[in-house]
Structures are given as structure tokens and as C-alpha cells.
Amino acid sequence: MSGEQASFGTLLRELRLSASLTIEGLAEVSGVSVRGIGDLERGRRAAPQRRTVAALADGLGLAETLRERLLTAARTGRTGGYSPVGVRAFPRGIDDFVGREQELTRLTALAEREDAVQPLVVAVSGPPGTGKTTLALHAARGLADRFPDGQLVLDLRGTEDDPPPPAELVLSVLKALQVSDRDLAQAGPGGHPALYRRLFAERRSLLVLDNASDEGQVRPLLPAAGAGMVVVTSRRSLSGLDNVHRMALGELSPAEAAEFLTSLVGSERAAADPGALADVAERCGHLPLALRVAGNWLATRTGWTVRRLADRLAVEERRLEALAAGDVRVAAAFDLSYRQLTPSAARLFRRLALVPGLDTAAPGAARLTGQPLFDAEDTLEELVETGLLGTDGERYRLHDLLRLYARTRLAAEEDPRDVDRARAAFFHWALETAVVAGRWFEPDHGAPPPTWQATVDLSTAGRARAWLQAEGANWLAALHAAEAAGEHATVVEVAEALHWFSDQWIFWGHWPEVFGMAARCAQALGDPVVEATQLNYHAWALLVCERRRQDSVLRSAEALAVAERADDAGQQAWAHVYQGWALEQLGDLGPAADHFRHAARLFESVGDLHGGLQARSGHAGVLEELGRPEEALAFYRETLAFLEEVSDRLEPHIADVTRIGLHAGLGRNFGTLKRWAEAVDHLDTAVAICRAGGNTALESRQLVHLGKALLSAGRPAQARAAFARCVGLGLHADPRPVAQARDLLARLDTP
């Protein structure tokens with residue numbers, strides 16, 4: 001804003017505070033509206049007419065000297081011309097700008113385009129507090145030389161209950177461009193838009209339309225011709241605007257957030273405890289507004305350590321309350337968007353705080369509110385449009401601070417019984433869907449039955465896997481809630497349904513937790529066969545997922561004892577398998593071989609082909625460890641031939657997991673025998689099966705074996721490709737072979 005207007009607004013505010021009046025109080029005694037006084041103090045309106053100033057002076061009870069001073073400020077503001085934000089003038093608060101390099105580079109590239117046939121329009125959107133205005137102003141200042149005819153910044157006040165209409169905004173810009181009152185009167189209100197368009201067509205200028213409410217407010221302000229550029233900021237995505245370049249802002253990176261805080265608190269304090277600085281940044285959700293508040297808080301409390309603020313922000317229930325500095329509150333920024341929501345969107349926004357994981361999809365959101373799926377999707381999109389909800393594909397996520405804010409609104413506005421019912425509905429949906437999805441991988445189940453009605457597409461095993469992984473944190477929380485509520489049968493049912501699926505997602509990190517819960521619940525149910533089953537699953541998870549070999553031995557021994565008391569040969573056999581695997585890894589090979597032989601006999605007695613194949617594969621592995629590769633080779637081949645013979649009687653996913661192990665064993669044994677071509681063939685087959693089935697965990701293991709075999713076979717380029725693929729597999733891979741592959745790549749790249 002111009003200096004003259006700033007002096008009038010500042011003076012008015014000082015006089016009001018000296019009189020101990022609120023804006024509402026001054027409005028009451030002066031007859032000037034609350035909005036009018038607020039706009040004057042913020043510099044959003046031109047200086048008022050003499051009669052308005054007189055009314056304000058009377059309401060303030062000013063003496064003659066102060067009355068004349070106020071009138072003088074008003075006259076100065078009028079003669080200086082109306083300008084919401086003056087040409088080449090920028091508000092405070094952009095000097096400590098940090099980050100957004102990609103966005104600034106893109107804005108610069110757009111500004112330098114020579115092929116533009118009409119003004120370039122960039123729509124910058126994002127949640128409250130992401131720094132949209134700061135980015136636009138910082139970019140405008142940096143691009144000043146490219147727009148010699150000026151840069152204008154206009155606050156559209158889109159978060160207000162009654163934002164100014166386009167006609168008022170057009171007039172504001174015309175006055176800012178020094179169009180005379182005579183020309184304005186001659187054109188008349190109906191001619192102002194044409195005058196506006198003509199002026200911008202003749203100029204190379206940059207117009208920042210800040211804080212837009214919606215497309216209808218923005219469209220009349222977009223010039224149709226000229227070599228200028230328009231940057232529009234809004235909490236909404238303004239998806240209805242055509243021919244615009246879109247730029248969505250999120251939080252800063254951890255490094256950028258730390259740099260921003262350092263700029264506010266000083267490098268010495270920041271360097272004294274970088275861990276505390278990172279904690280403050282994380283608890284601010286790396287959101288620029290929250291970081292600014294936290295930084296200002298520390299800057300004005302020089303006796304505080306950064307750790308003290310980090311600890312203060314650690315309490316989630318009071319974090320939003322703590323993120324306030326003077327009259328700047330993070331929660332207030334969220335309030336402005338929340339109060340503009342429709343009732344159904346506000347309810348869904350509140351209830352999304354009940355989602356235990358980071359995100360969910362439309363079917364889960366529908367369960368929170370009881371809406372039909374299509375209605376829930378529309379409501380979610382309203383929240384996205386208003387900037388209160390982020391998206392990643394088909395998943396929706398609340399920013400950490402918005403989640404806390406939603407939780408406060410939920411507690412303040414909803415009956416606790418309704419909240420409990422919404423949470424229960426979400427958890428019931430999560431567990432019910434997990435059971436159906438998991439059964440894709442279980443023998444004698446497969447696709448959902450025709451009678452199953454649901455809003456989640458589980459028509460293929462791949463879709464089932466994707467849902468289980470995406471909603472993992474949510475159904476896991478629901479499982480914990482079921483155990484806490486004493487729903488033991490539900491917990492066991494879910495664990496049973498996910499038993500073979502766990503082979504598809506080995507390194508999720510929670511299988512010992514899942515099967516440990518199920519073992520406790522099975523014991524509570526008093527069924528020894530169910531208890532032995534879940535104890536065996538837990539033994540597998542301890543061994544395969546966490547490599548806790550000794551703990552696994554103890555757990556499988558417990559399972560064997562329970563299965564023997566129940567006289568259940570099938571679970572006795574599985575206990576022997578897990579005993580054999582754990583003992584083999586502990587190097588106790590004789591007893592391991594005995595367990596596998598015993599398991600094979602028991603599986604054969606009960607006709608369990610899946611288990612029998614696991615026992616055979618385990619026995620071949622012991623022969624391999626005993627240094628008898630020729631015998632192991634023969635046993636692996638025999639077992640693989642048997643698998644293919646009975647494959648039509650096997651569950652496909654279990655057969656594939658077994659094939660992977662057998663081909664991997666053959667590859668290792670051919671490698672031991674220096675028969676590298678055959679080793680590569682089998683390991684390549686194992687990798688291909690993993691890839692086709694989406695089993696990232698096992699693929700990561702086999703890629704390292706394949707890469708090593710390729711190196712030994714004198715094929716370094718192909719080995720490098722195998723290691724590189726392993727490194728790039730992502731979160732679901734086994735971290736150990738990924739680390740190995742990274743090291744091997746580094747060695748290959750070292751001269």
C-alpha cells in the first residue's frame with residue numbers, strides 16, 4: 001500500500017487503541033461500519049471523505065489538534081490517488097523468503113516467453129498457510145525489470161464473508177493506474193471493463209490478484225490482450241478457469257523449513273540444537289505460516305531455547321494453541337476456509353480426523369459420514385477445491401496441522417456418541433474389506449463371492465494387494481481397536497485371511513504385531529487348533545520379517561506343544577517347518593533336517609500339498625547349507641517337477657512363492673558349481689515370477705543374487721542393471737539386499 005494510505009490507517013488504529021475502543025466499539029459510536037473501519041485501518045480502502053473522518057473523530061472524542069491531523073492524513077491519501085497496492089510497491093514480509101526454487105524458475109520462464117499471444121495467467125493454489133501470497137510477491141519483485149509498465153498487487157479478499165465484486169475491483173485497478181475521475185465518469189460503470197482491457201492491452205505489466213474467492217471474481221479481471229502476466233493466488237484450485245498455468249503449493253521440504261526458521265531465529269540459536277530445530281519444523285508440518293509463527297515466537301523470547309519450543313509443540317492437543325504469535329494464529333487461517341464449507345463438507349472435514357493413517361480413499365470417507373460413494377466423492381472434491389485436503393491419485397490426505405484443527409472442530413461441534421459411531425463404521429469397513437481382499441491369496445477362496453457388496457473394487461488380486469497396502473495403517477488400527485474391545489474372533493478372522501498375503505508384503509513392518517495380536521486372541525477364544533495356527537504365523541513373522549531366529553524357535557515350539565495337545569497333525573507339521581527354518585539359519589543343520597523330514601511326513605498324512613512343498617524346499621535348503629550342492633540340486637529339481645505336476649491343485653499365489661524359492665535355490669546351487677549360465681537362467685526366472693506377481697520383497701532378494709551371478713558370468717552391464725533395479729524398488733523391498741545392491745553399484749562405478 002502507499003505510504004500516505006498506510007499513515008492514515010496506522011493513525012486511525014493508534015487513535016482507536018488510545019481511546020480503548022475495539023473496531024466494533026468505534027463503529028457503534030461513530031456510525032461508520034465495522035467493515036469500513038477495518039478496511040481503512042488495513043489500507044484496503046482509499047482515505048474516506050471529510051464527513052466520514054468527522055464521524056470517526058467525533059466517535060474517538062478527538063481534540064482539535066488530533067482531529068486536524070486525521071483530516072490532513074485523509075486529504076493526503078486522496079490526493080495521492082487510490083491504490084490498493086501501489087505500482088512497484090510491495091508489502092513487508094517477503095525479505096525472508098526461502099525455497100520454492102522450482103516454482104520461481106517456472107514463473108521466470110513463463111515471464112520470458114516470447115511466443116505468448118495473450119497475457120499469461122498463472123493460478124497459484126494451496127492450503128491455508130503455504131505462502132501463496134509471499135511467493136507471488138517475491139516473484140513479482142524479482143520479475144520487475146521484465147514488466148517496465150509496472151506491477152500491481154490487488155487483494156481480492158476472497159476469504160471474507162462478502163468479498164468485493166468484480167466491478168469494484170476493476171474500478172480499484174483503474175484508479176491505481178491513475179485514470180482520472182473525468183475519464184471514469186465519461187466511461188461510466190458499464191464502460192469500465194473495456195477501459196480496463198484497453199489499458200492492459202497497451203502495457204507490459206504484471207498484475208497479482210491475491211486471495212481470490214472463486215472463478216467468477218477472477219474472470220472479469222483477466223486481460224484479454226497484451227504482453228502482460230497475471231498471477232492469481234487462491235486457497236481454491238480455481239479449476240473452472242481455462243487457459244491458465246497451474247501451480248499447486250504444499251509444505252516446504254525439511255531442509256527449506258530449517259533454513260526458514262534459521263532466518264527468523266538466527267544462525268547461532270539454530271546451530272546450538274539442530275535436532276530441536278528439525279523437531280520444531282516437523283511439528284509445524286513444514287507449513288510456512290506455522291514456521292513463521294514459531295520463528296517469531298522464538299525471536300521475541302530470547303531466553304527460550306529452541307528445544308523448549310519443540311517440547312511445547314510436542315503436545316498435539318495444544319499445538320495449534322501454541323502456534324500463535326501476537327494477533328497471528330495458525331488456527332485463524334484455517335477458520336477462514338472452514339467457515340466457507342457447506343455443512344456436508346464441514347462434517348466430512350471434521351471426521352477425516354478419525355482416519356488413523358495418513359490418508360484414505362473415497363470409500364473410507366463415505367463410511368465416516370454415511371454418504372453414498374458418489375456423494376462422498378463430490379464432498380471430497382469440494383474440500384480439495386477449497387484447499388483443505390490434498391490428493392495423491394485416488395487418495396485424500398489432511399495436512400498434519402489441518403488434521404489437528406479438524407480434531408478440534410470435531411470435539412467442539414459433534415456429539416461424542418456420533419463420533420464413536422463414525423469411527424466404528426470406518427473400522428468395521430476396514431476389517432471387513434481386509435478379510436475379502438486377503439482371501440484372494442488363500443487356498444479355496446480367491447475372488448470375492450458374488451453376494452459380497454462393497455464400494456471397493458477387489459476384482460483382481462492386484463487390486464486387492466493395492467488396497468491392503470494403501471489402507472494398511474487404517475486396517476491395522478482397526479485391528480488394534482477390535483482386540484481392545486474384546487472382539488477376539490474378528491482379530492483371528494482377519495489374521496487368518498491375511499496369512500498368505502503376508503508373503504506378498506513381507507517387509508511392511510507390522511506382521512509380528514498382527515499375528516502376535518491374533519495369537520493372544522486365539523488363546524482367549526480357548527480353541528487350541530486356532531491358537532496353534534496363530535502361534536505358527538507369529539513364528540513365521542518373527543523369523544522372516546525381523547530375523548529374530550531364537551524368538552521364532554521358541555514361538556514355533558510353543559505352537560508345536562499346543563498342536564500336539566490338540567492332536568492336529570497339520571499345525572504340528574507347520575511348527576516343524578518353522579523350527580527347521582529357524583534352526584537352519586542358526587546353523588543347527590542336523591536338527592533342522594529332522595524337522596523338515598518330520599514335517600513332510602505329517603503334511604503327506606493330511607494331504608496338505610502347499611505345506612508339503614514348503615517342507616521339501618526347506619530340506620533342499622539344508623542340503624545346500626551342508627555343502628552338498630549336487631544333492632540339493634537334485635532335490636530342488638525333483639520338488640519343482642512335483643510342483644508343476646500338481647499345480648492345478650495349488651493356490652496360484654502360493655505356487656508362485658514356492659516356485660520363486662525353488663528357482664532361487666537352483667540358481668544358488670548352480671553358482672556354487674560354477675555353472676553360471678544355468679545359475680543366471682534360474683535366477684532370472686525367479687525375478688520374472690516376482691515381477692509378474694508384484695512381490696517386491698522377494699524380487700529385491702533375487703535381483704542381488706542375479707546381479708552377483710551375472711558378474712561371475714562376465715556380464716557386468718547386465719549386473720549393474722539388476723542392482724540398479726533393486727535399488728529403485730521402493731519401500732516394499734527388503735532393506736538388506738537393497739543396501740547390498742547400492743554398495744555393489746558403488747564398487748562397479750569405482751575405477
Side-chain angles (χ1 to χ4, degrees), residues 84-156 158 169 173 176 200-201 203-212 215 217-219 221-253 255-257 259-260 263 286-289 291-292 387 390:
V85 176
V87 177
R88 289 190 183 273
F90 298 91
R92 294 170 56 84
I94 59 173
D95 293 333
D96 51 11
F97 184 86
V98 168
R100 307 298 190 199
E101 295 299 329
Q102 183 177 350
E103 291 83 359
L104 289 171
T105 299
R106 186 178 174 203
L107 286 168
T108 301
L110 290 171
E112 292 175 343
R113 282 182 56 174
E114 300 291 340
D115 59 342
V117 296
Q118 60 183 7
L120 288 163
V121 180
V122 182
V124 181
S125 62
T130 48
K132 300 176 290 295
T133 298
T134 305
L135 171 67
L137 296 178
H138 187 80
R141 187 164 69 178
L143 298 172
D145 292 342
R146 293 174 175 82
F147 297 98
D149 296 320
Q151 303 84 45
L152 283 77
V153 182
L154 183 65
D155 185 357
L156 307 190
L169 295 168
V173 175
F200 276 102
R203 298 168 180 249
R204 181 168 176 78
S205 55
L206 173 63
L207 176 61
V208 176
L209 301 176
D210 187 37
N211 194 15
E215 295 91 338
Q217 189 191 38
V218 172
R219 283 195 188 96
L221 301 173
L222 299 180
M229 182 174 179
V230 183
V231 178
V232 186
T233 74
S234 178
R235 297 181 178 197
R236 293 180 175 272
S237 61
L238 303 179
S239 55
L241 293 180
D242 296 324
N243 300 316
V244 302
H245 300 271
R246 302 192 178 278
M247 189 175 293
L249 291 192
E251 61 266 27
L252 298 175
S253 70
E256 290 170 339
E259 183 183 353
F260 187 28
S263 73
H286 304 126
L287 192 70
L289 175 61
L291 293 165
R292 184 177 293 281

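This chain uses plain numbering: 1 for the first residue, then up along the sequence.
- In this structure, the side chain of Arg203 does not engage the main chain of Phe147 through any donor-acceptor pair within 3.5 Å.
- Applying the side-chain hydrogen bond (donor to acceptor under 3.5 Å, both in side chains) criterion to Thr233, with sequence neighbours excluded, gives Asp210.
- Two residues are said to be in side-chain contact when any heavy atoms from C-beta on lie closer than 4.5 Å; Leu238 and Ser125 fail this criterion.
- Val173 and Leu154 get closest at one heavy-atom pair: CG2-CD2, 3.5 Å.
- At least one donor-acceptor pair closer than 3.5 Å links the side chain of Gln217 to the backbone N or O of Leu156.
- With sequence neighbours left out, Ala227 forms a side-chain contact (heavy atoms from CB on, under 4.5 Å) with Arg204.
- Remark: Glu256 engages Val98, Leu252, Ser253 in a side-chain contact (heavy atoms from CB on, under 4.5 Å) (not counting sequence neighbours).
- Here CE of Met247 is found 8.5 Å from CD of Gln102. Values are rounded to the nearest 0.5 Å.
- Residues Ala176 and Leu152 approach most closely at CB-CD2, 3.9 Å, considering heavy atoms.
- Residues Thr134 and Arg100 have side chains not in contact (no heavy-atom distance under 4.5 Å, counting atoms from C-beta outward).
- Inter-residue side-chain proximity for Val121 and Leu241 is flagged as unmet; no heavy-atom pair is nearer than 4.5 Å.
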Leu222/Leu209 under side-chain contact (heavy atoms from CB on, under 4.5 Å): CA gap, chis, key distance, verdict: CA-CA 9 Å; Leu222 299 180; Leu209 301 176; 4.2 Å; yes
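- The main-chain N or O of Leu249 is never found under 3.5 Å from a side-chain atom of Lys132 such that the two would form a donor-acceptor pair.
- In this structure, Asp145 CG and Gln151 CD are separated by 8.5 Å, a value rounded to the nearest 0.5 Å.
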Between Phe260 and His286, does the side-chain contact (heavy atoms from CB on, under 4.5 Å) criterion hold? Intermediate values first, please. CA-CA 10 Å; Phe260 187 28; His286 304 126; over 6 Å; no
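- Between Phe200 and Val230 the shortest side-chain heavy-atom distance does not fall below 4.5 Å.
- In terms of heavy-atom proximity, Arg146 sits nearest to Thr108 at NH2-CG2, 3.9 Å.
- The OG1 atom of Thr130 sits 9.0 Å away from the CG atom of Leu135 when rounded to the nearest 0.5 Å.
- Summarising the geometry of Pro119 relative to Pro223, their closest heavy-atom pair is CG-O, 3.6 Å, with the distance given to 0.1 Å.
- Nearest approach of Leu110 to Met229, heavy atoms of both residues: CB-CE, 4.2 Å.
- Closest approach of Glu215 and Ser239 over heavy atoms only: OE2-N, 3.3 Å.
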